[in-house]
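Have a look at the structure below, then the notes.
Reckoned from all heavy atoms, side chains included, excluding hydrogens, waters and symmetry mates. When a ligand or atom number is given, it counts from 1 through the structure's own listing order. Numbers here simply count residues along the sequence, with the first being 1.
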Amino acid sequence: MRERFRVVGGARLVGEVPVVGAKNSALKLMAVALLARGRTTLTNMPAIVDVRIMAELLRRLGVIVDYDPEAGLVAIDVPETIGHRADYELVRALRASISVLGPLVARTGHADVAVPGGDAIGSRGLDLHASGLEALGAHVHVAHGYLVATAPRGLRGAEIRLDFPSVGATENILMAAVLARGRTVIENVAREPEIMDIAAMLESMGARIDGAGTGRIVVDGVDELRPTEHRVVPDRIAAGTWAFAAATTCGDIEVVGGVAEHLGVPLRALADSGCHVEATPRGFRVAVPSGVDRPAAFDVATLPYPGFPTDLQPFALTYNAVARGSAMVTENLFEARFRTVQELARLGADMQVDGHHVMTHGVRALSGAPVESSDIRSGAALVIAGLVADGYTLVSGVHHIDRGYPRFEVALRSLGADITREPDEDWYE
Ligand code: EPU
């Protein structure tokens, strides 16, 4: 059944909110587990549907997976022999399933992974994944909608330079290189905390990796890895979402479990525009001081980590929609990630899109209306917009939001928001 959120405007969010493990790390760590025979345990796992989809994908490879969402626990039992196919049915539901490509080809010498279709935030190619694995000695081609990678005699170390620091390509190449013969040097890699998390887990399994978190990773291949227990890194995008929720609603939120250092650029921008930002023993806190009527709008240009994250760009748009003054938001990573703008315009935001820039002119208040989420982040950003809109806002496409934010409305209610989940049927249904 489709659902929507009914959000009543006028809330100032105050209180504390927990952040658990990062979706974009958790899913990849499940793929990492494939690299070792035996039982690997992941803790601090988020309670989201994507983990269930990834668990099903692993089960179809012959792996036993126990997922306890309440406890944030996933146990993965990998047998000696595993399958090598990730079906379209699952890949289309979860683009991150592409991260089994590297582990499967490294472990079994063969991977058949359905090519994910385009999605709502741009074309998102796989050329860097494919050329990286080819450099490691795999043969890669597309047949009948599947990316097929084979390396019957195993992988061998290589020197690889990525044209762009793609998160997904860095991960796939890294996960394959750990079992390749000899040394692999990967240049111009992604430096996200999630990459460091994967590297840390791989090292605890016996992999030899140097430089994760910098632009150059060196891997010395080993013959075999052993299972491990690993705690997922906190979700910096969820933490950043709460930071923007506090700033946009002129509230005061402590993000428990949030890591301020993983949000250097966005938190500095919020501090520079009049918000109070401080580290706390349990995480960090973002508050709009009582003397500040509206914090100032600020310019944003998304960049690979440690730059401003593209996943927080929709929240910057919502913030600027009601902040004081004008600003420019530039999207450098994904070509079609401005769908939030059209929906914010329905709420009365004053913004103009010009190519990959959006000029924003803050207004005092938005005005509630029905809007549609197009992806996880735009959906959550529209909910926050609803909190600063007169009257009520209906946000459709709640299934998108559920993919990234475990029980979003429950967390919002605990901070004082008036939000309910309800059925969403069109009049002709
Ligand atoms: N790209 C290529 N060729 C490739 C790989 C990437 O052209 O072989 C391009 C893409 O088309 C895109 C850009 O490079 O324009 C960035 O892609 P990247 O590979 O860095 O991103 P991703 O691995 O597909 C992850 C997150 C995204 C997040 C981006 C950027 C996961 C599951 N997804 O995607 O998160 O926006 O990194 O930080 O880890 C989300 O959580 O809402 C989300 C979309």
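Under the 3.5 Å distance criterion, with hydrogens and angles disregarded, no donor-acceptor pair is assigned to the side chains of N332 and T302. Judged by distance alone, the side chains of T310 and E331 do bring a donor and an acceptor atom under 3.5 Å apart. No hydrogens or angles considered: a donor-acceptor pair under 3.5 Å links the side chains of Y146 and R85.
Considering only heavy atoms from C-beta on, S99 comes within 4.5 Å of M175 through its side chain. Counting heavy atoms from C-beta on, the side chains of Y405 and T241 come closer than 4.5 Å. Contact annotation: the side chain of D163 never approaches that of N188 to less than 4.5 Å [non-hydrogen atoms, C-beta and beyond]. L57 is listed as a side-chain neighbour of V100, based on a closest heavy-atom distance under 4.5 Å.
Considering backbone and side-chain N/O atoms, G125 comes within less than 3.5 Å of an N/O atom of ligand 1. Checking only distances, D311 does come within under 3.5 Å of ligand 1, N or O to N or O. At under 3.5 Å, not a single nitrogen or oxygen of F164, backbone or side chain, sits near a nitrogen or oxygen of ligand 1. Below 3.5 Å of separation, one finds an N or O of L333 facing an N or O of ligand 1. Taking only nitrogen or oxygen atoms, main chain and side chain alike, V167 reaches within less than 3.5 Å of ligand 1.
Close approach to H129 involves these atoms of ligand 1, each under 4.0 Å from a residue heavy atom: 8 (O). Close approach of ligand 1 to A96 is summarised as follows: ligand atoms under 4.0 Å from at least one heavy atom of the residue are 32 (C). Near R337, meaning under 4.0 Å from one of its heavy atoms, ligand 1 places the atoms 36 (O), 42 (O), 44 (C). Ligand 1 places these atoms under 4.0 Å from at least one heavy atom of G168: 19 (O), 23 (O).
Evaluated by nearest non-hydrogen atom to atom 8 (O) of ligand 1, the leading choice among N24, I237, L128 is L128.
For E194, no heavy-atom contact with ligand 1 is shorter than 4.0 Å. With a 4.0 Å cut-off on non-hydrogen atoms, R377 touches ligand 1 through its side chain and not its backbone. Residue-level proximity to ligand 1 for L126 is carried by the backbone, the only part with a heavy atom below 4.0 angstrom.
Less than 6.0 angstrom separates the ring centroid of Y319 from the ring centroid of F298.
Salt-bridge formation is detected for the pair R60/E89: a Lys NZ or Arg NE/NH1/NH2 atom is positioned less than 4.0 Å from an Asp or Glu carboxylate oxygen.
Residue contacts with ligand 1: K23 is included, with a non-hydrogen atom under 4.0 Å away. Under the 4.0 angstrom criterion for non-hydrogen atoms, R95 is in contact with ligand 1. Taking a 4.0 Å cut-off on heavy atoms, E331 fails to register as neighbouring ligand 1.
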Q.
Does H400 form a side-chain hydrogen bond (donor to acceptor under 3.5 Å, both in side chains) with D375? I'd like the steps, not just the answer.
A. CA-CA 5 Å; H400 289 297; D375 63 75; over 6 Å; no

